[in-house]
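Structure record follows, encoded as structure tokens.
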There are 2 protein chains.
Amino acid sequence: MIEKISVLLVDDHAVVRAGYKTYLTLSEKIGTIYEADRGESACQLYSEYRPDVVVLDISMPGMGGFEAMRRMVNRDTQCKILVFSIHDELVFMTRAIKAGAKGYIIKNSEPEILTEAVCAIAKGGSYIEPKLAQKLALSVAIDGIEERSLKSLTPREFDVFCLLAKGLTTREASEKLRLSYKTVANYHTSIKEKLALKTVAEMALLASREGIIKTGHEKIL
Amino acid sequence: MIEKISVLLVDDHAVVRAGYKTYLTLSEKIGTIYEADRGESACQLYSEYRPDVVVLDISMPGMGGFEAMRRMVNRDTQCKILVFSIHDELVFMTRAIKAGAKGYIIKNSEPEILTEAVCAIAKGGSYIEPKLAQKLALSVAIDGIEERSLKSLTPREFDVFCLLAKGLTTREASEKLRLSYKTVANYHTSIKEKLALKTVAEMALLASREGIIKTGHEKIL
DNA sequence: CTGTAGAACAGGAATTATTCCCATATATTT
DNA sequence: AAATATATGGGAATAATTCCTGTTCTACAG
């Protein structure tokens, strides 16, 4: 008989873990299920039992999902991590994959997808939420294989970005930079396009995430 | 024998519902459990079966949580709603209570608290997550450093605020809330005026500071 | 019971902002 | 010298925002 898949479930919400568990145990391919409610214990349990697949929620307090993932990957580059996130934004998915995740699904996914993804990853494959994969494909098709990073901004665009993200109006930014309103308005547009953002609110949040502006509540990663 | 408590579970994530269900069925006081994955069907099921308690996830305001609650309360002022949220910020709790919820617990709560709260509410009582209750007491003592300005927003304005601050465009927000574009555009203006903000970037930063939206770098309180 | 007030919702018209497509200048690379 | 990237802004079409208006509802005071 084939070995069953062992899984380490990491999520800080007990109820949510119960939910995952319910679905995972429905599959006869899946055996032991370990549980952890935070990154620290997840790392420890991982070292101890070496589960085949880690199902990880990345929106956790404490060390956070990303950091836990990095540590596990660091310890064992072959480790198979499936990220199960509430975020359906591409940024999170690409970040997770870059950090070493083998799969990324979201909580809105059909529950069956969970076991499907776990099995795929256990076999050495990968699994990306179809909707996100498509979204990525589209965004690539539309604006090419472009670095959606702040580094893709020209110096001047970056100046404008900082001011707009901080909450200045287009007019205020143009006065501060001694530029024509039109110039700033045009940068405004090119910045959003380069960074694939739709609104200045997204600019603000990105800047906050990147530590460019302070909200007063940042945590050190 | 005493009648068992019937519960309507509202959460858009199937896995999460499975989790609630696991814990709720552990108690012999709880009987039938109905499920809904969105506000619309929740309202419909509520009218149809009149469950004793509604366990409602308001994960992100606007997407149906708050609005569904208001509708149910509208239809039956005696209806007993327990909000089960991921947000441990006071704003959400006070808003939920104002909108008619009988209880508010968070997903970080010990799972046993769920059934405890459901039972308390079924009996006509109320239940507030102890940590939040304490937090509120403290903040009242300090004379609400909390969100004094956010309080000036009407419930609907608050819904719109959350979405715009998160980076949705006016059109996207109107679609999510099923409102006319014009209505959202008008709220957009009134929100900025009430909060003395000039741009949506400022809205985003304020929301981030208040912990209403996550940038992924927040400090845990 | 009636009136007032607040809130939710949305249309119309005037005003602004944004987009897209230019054009020019300058500096750097190749 | 030619190509490329950047900085700067104009013009015109389009879209978003503001400000004002109105209709419903509900809540609540007198």
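So you know, we letter chains A, B, ... as the sequences are listed, proteins then strands, and number each from 1.
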For Lys198(A), side-chain hydrogen bond (donor to acceptor under 3.5 Å, both in side chains) partners two or more places apart: Glu172(B)
Please set out all donor-acceptor pairs under 3.5 angstrom arising from side-chain atoms of residues 99-107 of chain B, sequence neighbours excluded.
from      : atom 1 : to       : atom 2 : distance (Å)
Tyr104(B) : OH     : Ser85(B) : OG     : 3.1
Tyr104(B) : OH     : His87(B) : O      : 2.9
Lys107(B) : NZ     : Asp57(B) : OD2    : 3.3

Test item: Thr199(B) side-chain N/O and Gly167(A) main-chain N/O as donor-acceptor pair under 3.5 Å: yes
Polar-atom pairs under 3.5 Å, protein N or O versus N or O of nucleotides 6-9 of chain C: list them with distances, or write none.
from   : atom 1 : to        : atom 2 : distance (Å)
dA8(C) : OP1    : Arg156(B) : N      : 3.1
dA8(C) : OP2    : Thr154(B) : OG1    : 2.3
dC9(C) : OP2    : Arg156(B) : NE     : 2.7

Under the side-chain hydrogen bond (donor to acceptor under 3.5 Å, both in side chains) test, residues paired with Ser190(B) that sit two or more places apart: Glu157(B)
Residues in side-chain hydrogen bond (donor to acceptor under 3.5 Å, both in side chains) contact with Arg156(A), at least two apart in sequence or another chain: Asp159(A)
Selection residues 43-52 of chain B - residue pairs positive for salt bridge (charged side-chain N to carboxylate O under 4.0 Å, His left out), sequence neighbours left out: Arg50(B)-Asp76(B)
CA sep, side-chain torsions, deciding dist, call: Leu9(B), Leu24(B), side-chain contact (heavy atoms from CB on, under 4.5 Å): CA-CA 10 Å; Leu9(B) 266 183; Leu24(B) 287 175; 4.2 Å; yes
Counterpart residues, ring pair (Phe, Tyr, Trp, His ring centres under 6.0 Å), relative to Tyr49(B) (two or more places apart): Tyr34(B)
Pairs flagged by ring-ring contact (aromatic ring centres under 6.0 Å, His included) wherever residues 159-210 of chain B is involved - sequence neighbours left out: none
Leu168(B) CG to dA16(D) P, straight-line distance once rounded to whole Å: 14 Å
Taking only N/O atoms, report every protein-nucleotides 2-4 of chain D pair under 3.5 Å with atom names and distance.
none

Whole-Å gap separating P (dA16(D)) and CD1 (Ile191(B)): 17 Å
Inter-residue atom distance Leu168(A).CG - Lys176(A).NZ, 0.5 Å rounding: 6.0 Å
Partner set under side chain to side chain contact (heavy atoms under 4.5 Å, CB included) for Thr25(B), not counting sequence neighbours: Ile33(B)
Audit row: Val54(B), Cys79(B), side-chain contact (heavy atoms from CB on, under 4.5 Å) steps and yes/no: CA-CA 8 Å; Val54(B) 180; Cys79(B) 90; 5.6 Å; no
Bending between helix ends of the helix from dC1(C)-dG30(D) to dT30(C)-dA1(D) [5 pairs per end, 10° resolution]: 30°
Under 4.0 Å protein heavy-atom contact, by nucleotide of nucleotides 18-30 of chain C - B base, S sugar-phosphate only: BBB----------
Touch class at under 4.0 angstrom, heavy-atom based, for Arg171(A) against every strand present: sugar-phosphate
Polar side-chain atom of Ser6(B) near backbone of Thr32(B) as donor-acceptor pair, under 3.5 Å: no
